[in-house]
Structures are given as C-alpha cells and as structure tokens.
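Data block below; observations after.
None of these values were measured; they are calculated from a predicted model.
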Amino acid sequence: LTLASELGIEVGKILKKQGKPKNKFLLLSSIGPNSIHKKCKWFQNLNYDTLFIYYSDYFKSDESDFYLRFSGKKLVQYFYLFQQYDFIDKYKYIFILDNDNLISGKNISRLFKIADKLNVNLLAPSIKIKDVKDSDVLKLLDFYNNYNPKNKFKSFLFLREVLPNNLIRIYNQVIKYTFWPHMIQTKNKKDRYIKETNIVEDGRTIINISLIKKFRKDIKFMKLFKSGILFDHLLANYSNFKKIYIVDFINYIHLDPYKNKDK
C-alpha cells in the first residue's frame, strides 16, 4: 500500500489468489464491461495463467486464475503488479494484452510457445486491419516502403502529406488501429513468417521477465512512464534492440479505434 501511495493510485482488493501458479507464462489484461476476454476464450485450459485487473464495477472472481481490483490508468496498474515480486517473478514471460484486441486463447498459447522456443526479449502478433481488404493494405505498405522523403524523417504519421488519392481512404482506416506499419500482417499464414524488428507496440506484447526486473528498480523512474509509447521504447532499449520479433502468421484485430493517439 505504501507503493500504491507513492504511485498515486487507489488499490482495492490485492491479488486474490485461486491456487498457486501452474505455468511459466502469464496473461495480464485490464478488464471492463466491454472486454472481449470471454468471446476469445482467454482462460480455458491453456498453457498460461491469467491475471485480470478489474477497473470498473464489472467484476467476476471466477474468470481468471488470479485477479486484482483497482481503478486508474492501465500502465499504473501494471507497474504496481511488477512490484509484487513473490508473484510476478514466478513467470518467465508476461503477455500484456489490451482488452479490445481480438485474438483467441489458442493463439495466445501458440505465441507463448514461440517466445519460449526462441528465448525472445519481446514478441508480438501481427495486426490485421479491420474493415479493409488485405490487398489494399499491402498497396499502402508498398508505397510507404518505397517512399524516399527529402530532408524529412520517414514517418508513417507524416505519410498522409504525400499520399496519392487512391491510398488516402486506406491510410485513414489503417491509422485508426495502428501507427506501426511493420506490425501489419504481410504474408499468408501458411508461410509461417516471423520477422525480427527493433520495437513492438505495448498492449499486445509478450515480455521477458528479465526486462521487467530491470524496469522496476526505480519507482521514481517508473512514474515517468504514463504513456505506452514511452514504455515500449524503454523495453526495446532494455533489450538492446535484440531478439524482438513479430509473428506474422498469428494476428490480432484491434477493435476500438485509437483515442487522442496523435498527442
């Protein structure tokens, strides 16, 4: 509770345990009334434990192996959990997954197996863009990859300034759900393609516990990271930008558009 006070959060019931950790993998998600954990079967006889953080009046104690109840921002919830050494240190990989990411529990299990086999620092599924043809998205990516800006950093955000008319509608749809073009699925699932990169997006990332141990050493430092964008850059830095992968043949669909992400 002292830690919670330092972080400026209010905590409800602390980490109600139902049995002991069974697996070396943990799925962590903040759960509310509109979360899709039930639809995706995140908690049915899989190779990982689940810990759901309930931040609203919606609460079901029998939905996960472990649960935590408190309100507040998502990242602050996770930073609090990272300090629960006796619990969190029992796991090798933690999958922090936003509750509006459509991905099955079966595919989450597959991702954990791949992460463990490759001994990754960070690993994420690719994203499939909602309500737009894959072939149209690939046209946009081709333009982005072949675009050579003059005296300007090659940013996906600033691409809107130079797009031809036939790609504007596609871009406007893509940018609702990701600012990370390298995370977009680009190949057929049968290709079983895994690409190495130097950064992946928070909220859909499997994290090696060793990175969390580095991060949690300084609470004052932790308090600086109120944005997921900053957090995932930090994790990549702790990884020395190595052993970071995107599994192209396993994807998620981001259901809710970004809110105020341009900031």
Side-chain angles (χ1 to χ4, degrees), residues 1 3-16 25-40 42-43 48-60 63-84 87-88 91 93-103 108 122-125 127 176-180 183 199-209 211-212 215-216 219-236 238 252-263:
L1 289 176
L3 172 69
S5 177
E6 289 182 18
L7 288 173
I9 58 177
E10 294 182 2
V11 181
K13 293 182 180 179
I14 307 296
L15 203 62
K16 174 65 176 180
F25 312 135
L26 177 69
L27 175 68
L28 172 62
S29 188
S30 291
I31 298 297
N34 298 319
S35 301
I36 60 169
H37 57 292
K38 288 184 179 180
K39 178 180 180 180
C40 295
W42 286 356
F43 49 88
Y48 55 86
D49 294 342
T50 53
L51 192 157
F52 293 161
I53 300 177
Y54 293 92
Y55 58 82
S56 68
D57 292 337
Y58 172 82
F59 172 65
K60 300 288 183 181
E63 286 186 338
S64 60
D65 299 300
F66 309 95
Y67 65 80
L68 182 63
R69 292 193 72 184
F70 69 71
S71 59
K73 293 186 176 181
K74 174 183 65 178
L75 283 176
V76 178
Q77 296 170 359
Y78 298 156
F79 297 167
Y80 176 82
L81 179 66
F82 293 168
Q83 296 293 323
Q84 311 307 310
F87 176 78
I88 203 77
Y91 296 98
Y93 286 107
I94 315 296
F95 192 175
I96 296 182
L97 185 60
D98 285 353
N99 64 33
D100 63 343
N101 288 317
L102 185 66
I103 183 172
I108 292 171
L122 300 167
L123 181 138
I127 182 172
K176 290 179 183 178
Y177 301 102
T178 187
F179 287 177
W180 305 76
M183 289 194 67
I199 193 168
V200 287
E201 184 178 10
D202 71 284
R204 57 234 67 199
T205 305
I206 292 177
I207 305 170
N208 193 310
I209 189 66
L211 305 181
I212 292 173
F215 177 56
R216 71 186 182 193
I219 292 177
K220 291 182 178 179
F221 187 60
M222 289 175 67
K223 289 171 68 175
L224 299 176
F225 291 85
K226 298 179 181 179
S227 163
I229 292 176
L230 296 178
F231 181 50
D232 47 37
H233 279 68
L234 180 75
L235 291 176
Y238 279 143
Y252 68 95
I253 299 176
H254 192 178
L255 295 180
D256 295 332
Y258 284 140
K259 299 176 180 67
N260 301 318
K261 194 79 169 184
D262 279 347
K263 294 181 179 179

*asked:* Do Q84 and L51 make a side-chain contact, defined as non-hydrogen atoms from C-beta onward lying under 4.5 Å apart?
replied: no
*So, does Q83 use its side chain to make a donor-acceptor pair with the main chain of R216 at under 3.5 Å?*
yes
*Sub-4.5 Å side-chain heavy-atom contact between W180 and D232*: yes
_Minimal non-hydrogen separation, I127 against Y177, with atom names_ = CD1-O, 3.6 Å
*Can you say whether the rings of F25 and Y93 are parallel (under 30°), tilted (30 to 60°) or perpendicular (over 60°)?*
tilted
_Name the residue from T205, I207, L26 that meets the side-chain contact (heavy atoms from CB on, under 4.5 Å) definition with I96._
I207
*Supply the atom-to-atom distance E201 CD to N101 CG, rounded to the nearest 0.5 angstrom.*
8.0 Å
*Answer yes if the ring centres of F231 and Y78 are under 6.0 angstrom apart, and no otherwise.*
no
*D49 (side chain) donor-acceptor with F66 (main chain) under 3.5 angstrom*: no
_Are I103 and C40 packed together at the side-chain level, in the sense that at least one heavy-atom pair is separated by less than 4.5 angstrom?_
no
*Give me the ring orientation class for Y258 and H254: parallel if the planes are under 30° apart, tilted from 30 to 60°, perpendicular past 60°.*
perpendicular
*Mind running side-chain contact (heavy atoms from CB on, under 4.5 Å) on W42 and L97 for me, showing each step along the way?*
CA-CA 11 Å; W42 286 356; L97 185 60; 3.3 Å; yes
_Taking the ring of Y91 and the ring of Y48, is the distance between their centroids below 6.0 Å?_
no
*With distance as the sole test, does Y54 use its side chain to make a donor-acceptor pair with the main-chain N or O of K60 at under 3.5 Å?*
yes
*Nearest heavy atoms of P125 and M183, plus distance in Å*: O-CE, 3.6 Å
*Go through the structure and list residues passing salt bridge (Lys or Arg N to Asp or Glu O under 4.0 Å) with K38, not counting sequence neighbours.*
E63
_Check: D100 side chain, L255 main-chain N or O, donor-acceptor pair, under 3.5 Å_ = no
_Validation row: Q77, L68 side chains within 4.5 angstrom (heavy atoms)_ = no
*asked:* Closer than 3.5 angstrom, by distance alone: can the side chain of T50 be matched with the main-chain N or O of L27 as a donor-acceptor pair?
replied: no
_Criterion side-chain contact (heavy atoms from CB on, under 4.5 Å) on I88 and I209, from CA distance to verdict_ = CA-CA 8 Å; I88 203 77; I209 189 66; 4.0 Å; yes
*Taking the six-membered ring for Trp and the full ring for Phe, Tyr or His, determine whether the centres of F79 and F225 are under 6.0 Å apart.*
no
_What I'd like to find out is whether the side chain of F52 reaches to under 4.5 Å of the side chain of N99, using heavy atoms alone._
no
*Is a side-chain N or O of S56 found less than 3.5 angstrom from the main chain of Y58, in a donor-acceptor match?*
yes
*Say you draw a straight line from CG of D98 to CD1 of I36; how long is it, rounded to the nearest 0.5 Å?*
10.0 Å
*What's the spacing between L122 CG and Y238 OH if we round to 0.5 Å?*
13.0 Å
*Distance from H37 atom NE2 to S30 atom OG, nearest 0.5 Å?*
12.0 Å
_side-chain contact (heavy atoms from CB on, under 4.5 Å) evaluation trace for Y80 with I53_ = CA-CA 11 Å; Y80 176 82; I53 300 177; over 6 Å; no
_Set out, in order, the CA-CA distance, both residues' side-chain angles and the distance that settles side-chain contact (heavy atoms from CB on, under 4.5 Å) for F95 and L28, then state yes or no._
CA-CA 6 Å; F95 192 175; L28 172 62; over 6 Å; no
